[in-house]
There are 2 protein chains.
Amino acid sequence: MIKLNEISTDPPKDLERDDIEKVTKKLVDRLGELQKVMQAERKHAVLVVMQGMDGSGKDGAVANVFEECHPSGLSVYSFKKPTEEEFAHDFLWRVHKQTPAKGMIQIFNRSHYEDILIQRVHGWIDEDKVNQRIDAINAFEKLLTFDNSTLIFKFYLHISYEQQKLELQERLDEADKHWKHNDNDWKEREHWDEYMRCYEDAMKRSELPWTIVPVDNRWYRNYIIAKTMVDAMEKLDMQYPPLERG
Amino acid sequence: MIKLNEISTDPPKDLERDDIEKVTKKLVDRLGELQKVMQAERKHAVLVVMQGMDGSGKDGAVANVFEECHPSGLSVYSFKKPTEEEFAHDFLWRVHKQTPAKGMIQIFNRSHYEDILIQRVHGWIDEDKVNQRIDAINAFEKLLTFDNSTLIFKFYLHISYEQQKLELQERLDEADKHWKHNDNDWKEREHWDEYMRCYEDAMKRSELPWTIVPVDNRWYRNYIIAKTMVDAMEKLDMQYPPLERG
């Protein structure tokens, strides 16, 4: 059983920021190379699920880790409150539409997991529906994996309760961050423990593994995400296709 | 185990065509009424999967059975050869997009089942993939059922080998049917036994039941489809919503 409050949101003490930043730069470059081969080969797809509490740095991670990827092979989709049409369908309907074609990296800023997180925390769905949705998510992720060779990364951006307060306060204090402020984020913060419980349960019952990313220091956050992706994508042994003529 | 060649493609001998046609007319009217309540209430959705060999009368059934439904609440989607973009996704990607919103009847002329029929008959996918796809289909249909209150009808239009020949020949002989002719239908006909085996297996391993519809006589075909749908939709106990003012 995962206990998030027992997992540090800081980097291991023996790591030096300068060293890690140098390694991360190389990993980010390599991720860009791997993305270009994948786009040329068109045998695999990559889906990156970014989940985390408000202020955990989902946007920042995307900006830093994927900066060497070619925009034509990379797409970010942010899941907001469902539209009326989306509400009139099952919860995976709008998600399935946004899954990556072969050759593409698709990043989900929030995802289908919100449907068993915010909805569960607020009691908008009962536990029967939570259980059915967890089964459906596992089947859905399996489908993407076996039927479209999709490599799925699920990153939980692990921020501390204290650090979140600093991040949200910055949005109130700094003019160029005002646009990110939302009173509602402070209200959701009151449900912190319940969110942690739901995240822990989602991770426990997920067939494909999650990566817990300590984010209180951005340099470590970027390193973990880049390293996790490069290590897994190297194993795909992707190749540029040979010349075809005529 | 279902053995399709042991199931008659004709109506039971004791039924009179005139009697059945009168009953069918009432069922078709009632289906139109039920559709209008469903559209007003917006609590349920209906998905109708029409599968069957070429010439089994999928288009004809749709034209006859749904003629009293309001077009704004009814939609037909015919699955053809996948596009390049569709091929670059899992097999359910293009299907999921077309599933009905609450309040709607969506008819699939062919469906996700083709991905374990024609593709299996021709050996374009291996048996591992067949098994994974069958699991994925069951999970998908369950998702539509529990998360969007979708009532799913799966009709197998059961035509005899001999009757199919007459139907395909008409497309060669009659000027107003030439547009339906396709040389390829005659080639697929050569794989008849293999198709039957794959249909039988799909039905056996499907969690939601199929309705086998004998179609060598159209009046009986229309009756069975209309009756199956009306009986199940009556049980939803749908109501027009009360007046809301202000």
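By convention in this document, chain letters (A, B, ...) are assigned in the order of the sequence lines, proteins followed by strands, and residues within each chain are numbered from 1. Here the structure is a predicted model, which is why all the values come from computation and not from measurement.
- For A:R42, the CZ atom sits in a loose shell: 12 or fewer heavy atoms of surrounding residues, nucleotides or ligands are nearer than 6.0 Å.
- Taking CG from A:D90 and OG1 from B:T150, the interatomic distance works out to 7.0 Å, rounded to the nearest 0.5 Å.
- Both the backbone and the side chain of A:L92 have a heavy atom closer than 4.5 Å to some heavy atom of chain B.
- Only the side chain of A:A136 comes within less than 4.5 Å of a heavy atom of chain B; its backbone N, CA, C and O stay farther away.
- To the nearest 0.5 angstrom, A:D115 atom CG is 7.5 Å from B:D147 atom CG.
- Proximity of A:D128 to B:F146: side-chain heavy atoms (C-beta onward) are nowhere separated by under 4.5 Å.
- More than 12 heavy-atom neighbours from other residues, nucleotides or ligands sit within 6.0 angstrom of NZ on A:K36.
- Contact count against chain A (heavy-atom pairs under 4.5 Å) is highest for B:K129 among B:E85, B:K142, B:K129, B:E86.
- In this structure, chain B has heavy atoms under 4.5 Å from both the backbone and the side chain of A:R133.
- Atom-to-atom distance recorded for B:W93:CH2 and A:N148:CG is 9.5 Å, nearest 0.5 angstrom.
- Not counting sequence neighbours, the partners of B:N184 by the side chain to side chain contact (heavy atoms under 4.5 Å, CB included) test are B:N182, B:K187, B:E188.
- The local environment of CD in A:E84 is sparse, with at most 12 non-hydrogen atoms from other residues, nucleotides or ligands closer than 6.0 Å.
- Heavy atoms closer than 4.5 Å to chain B are found in the backbone of A:F87, but not in its side chain.
- For residues 97-111 of chain A, the interface with chain B (any heavy-atom pair closer than 4.5 Å) comprises A:K97, A:T99, A:P100, A:A101, A:K102, sorted by residue number.
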> Can you list the steps and then say if B:L144 with A:H89 is a side chain to side chain contact (heavy atoms under 4.5 Å, CB included)?
Replying inline: CA-CA 8 Å; B:L144 301 181; A:H89 288 85; over 6 Å; no
